[in-house]
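Below is one structure, written out as C-alpha cells; the observations come after it.
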Amino acid sequence: MERSMNKPTAIAVGFSCVDIYEKLDKFYPTGNGVDWGVHLSRMGIPVSILSVVGTDAYGAKMKEALTKEGFDISHLRTAQGETCKMLMDLKNGVDRVHLEEIEGVMKDFALSEEDKAYIKTFDYMHTDLFGNVLPDLKELHESGIQIVMDFSTFSDEDEFHAKDCFEYVDYAFLSYEQEDDYILQHIKNIQAHGPKIVTATLGENGSVSYDGKQYYHCGIEPVEVVNTVGAGDSYIAGFTYGIMMGWDIPACMKNGAHTSAGVITKFEPY
C-alpha cells in the first residue's frame, strides 16, 4: 500500500480500550485514537487502526463497532487475554471519572517491523503517551508521515517522557483549564522543539494554538452538556480534518470546536 495521492489517509496507532459504566450498564469501544478516527471516518477520511484487543466479548465488540464505523481493522490484532478496560463513573451526572484501568493485552503491545512498514503507508497517524509507541516515533516521523499526538494533561510531567516526543510530532495537542501565562508559554516552548502547531484545549474556555509566529484563540459552541467524554478527541479530529483540507488555523480550531460541541450533547464519546 502506498500513500494516497488523492484523499488523505489516517491511522490510529497504539492505545485502545472499552469504557465501562457499570452503574449505567453501558460500555463503549474507545481510546483517544479510536475516537479521533471515528470522527474522521464520518467526515469521509479513510481510517485504519493498529492496536490490540483481547479474546473476550469486549474485543469482539470493538472490532464490530469499528467495522461499522468504516475502519479498516486488518491490523487490529487479537491477543489471548482481556481487552483493556477503563472502569468509569460520572461526577455531577456529566463529568467523566476514571475509577480503574485494567490494562489487559495492551500491556504487552508493541510495534513490529511489519507494523511500522504498514504505518508508513499512511499520510497521518494519531497516537498518545500510553500506546507503547514512543520508542518508534523518531523512525515513523522521519518516514514523512504527519504525526498527530495527544498529550492530554501530561505534557509537562517527566514520568511520561512527553518532552522526548515533541521533536517527532507535527501537531501536538494538550489539555488545560484556562488561558493564562503558563499555558501560553508552555505551548510556545513545545512548538520550539519541533511541532508545526501546538494546541491546548481549555474545556469551556475554548482553545489556543501557537504556530511559531502567533497565538490563535477560539471559543466554544455553547451547547447543553450531557457527557464531557470524547470532547478533546473530537476537537482534535475536527482540527486534523481542517489540516488535511489545507484550512488556516482559525478554521481548523473552529471545526474542532464544532465537532466537540456535537459530542458533548450526547452520552456516547463520538
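Note that the numbering runs from 1 along the sequence shown for the chain.
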Notebook entry, point to check: According to the interplanar angle, ranging from 0 to 90°, do the rings of Trp36 and His126 count as parallel (below 30°), tilted (30 to 60°) or perpendicular (above 60°)?
Noted result: tilted

Next item on the list: Would you name the heavy atoms of Val52 and Ala79 that are closest together and state the gap between them?
Entry: CG2-CB, 3.8 Å

Check: Do Ser112 and Asp115 have side-chain heavy atoms sitting under 4.5 Å apart?
Finding: yes

Check: Hey, what's the ring geometry for Phe130 with Phe160, parallel, tilted or perpendicular (30° and 60° as the breaks)?
Finding: perpendicular

Margin query: Under a 3.5 Å cutoff, is there a donor and acceptor pairing between the side chains of His193 and Glu167?
Written below: no

Item checked: Polar contact flag, side-chain donor to acceptor under 3.5 angstrom, Asp19-Thr30 -> no

Next item on the list: Flag yes if Ile220 and Leu202 sit in one hydrophobic cluster, no otherwise; membership is Ile, Leu, Val, Met, Phe, Trp, Tyr, and two members link when side-chain heavy atoms are under 4.5 Å apart.
Entry: no

Checklist line | Tyr182 ring center within less than 6.0 Å of Tyr176 ring center | finding: yes

Margin query: Which residue in the set Lys63, Lys61, Lys85 passes salt bridge (Lys or Arg N to Asp or Glu O under 4.0 Å) when paired with Asp56?
Written below: Lys85

Check: Parallel, tilted or perpendicular for Tyr210 and Tyr215, by the 30°/60° rule?
Finding: tilted

Checklist line | Over all atoms of both residues, closest heavy-atom pair of Ile147 and Tyr168 | finding: CD1-O, 3.4 Å

Check: Do Phe27 and Tyr21 pass the ring pair (Phe, Tyr, Trp, His ring centres under 6.0 Å) test, and can you show the C-alpha distance, the side-chain angles, and the key distance before you say yes or no?
Finding: CA-CA 6 Å; Phe27 76 92; Tyr21 295 82; over 10 Å; no

Check: Looking at side-chain heavy atoms only, is the closest gap between Ile45 and Met244 below 4.5 Å?
Finding: yes

Checklist line | Residue of the set Trp247, Tyr124, Tyr216, Phe173 for which ring-ring contact (aromatic ring centres under 6.0 Å, His included) holds with Phe239 | finding: Phe173

Notebook entry, point to check: Do Leu174 and Leu137 sit in the same hydrophobic cluster, where Ile, Leu, Val, Met, Phe, Trp and Tyr count as joined when their side-chain heavy atoms come under 4.5 Å apart?
Noted result: yes

Margin query: To check you understand the geometry: which heavy-atom pair defines the closest contact between Ala200 and Ile183, and what is its length?
Written below: CB-CG1, 3.8 Å

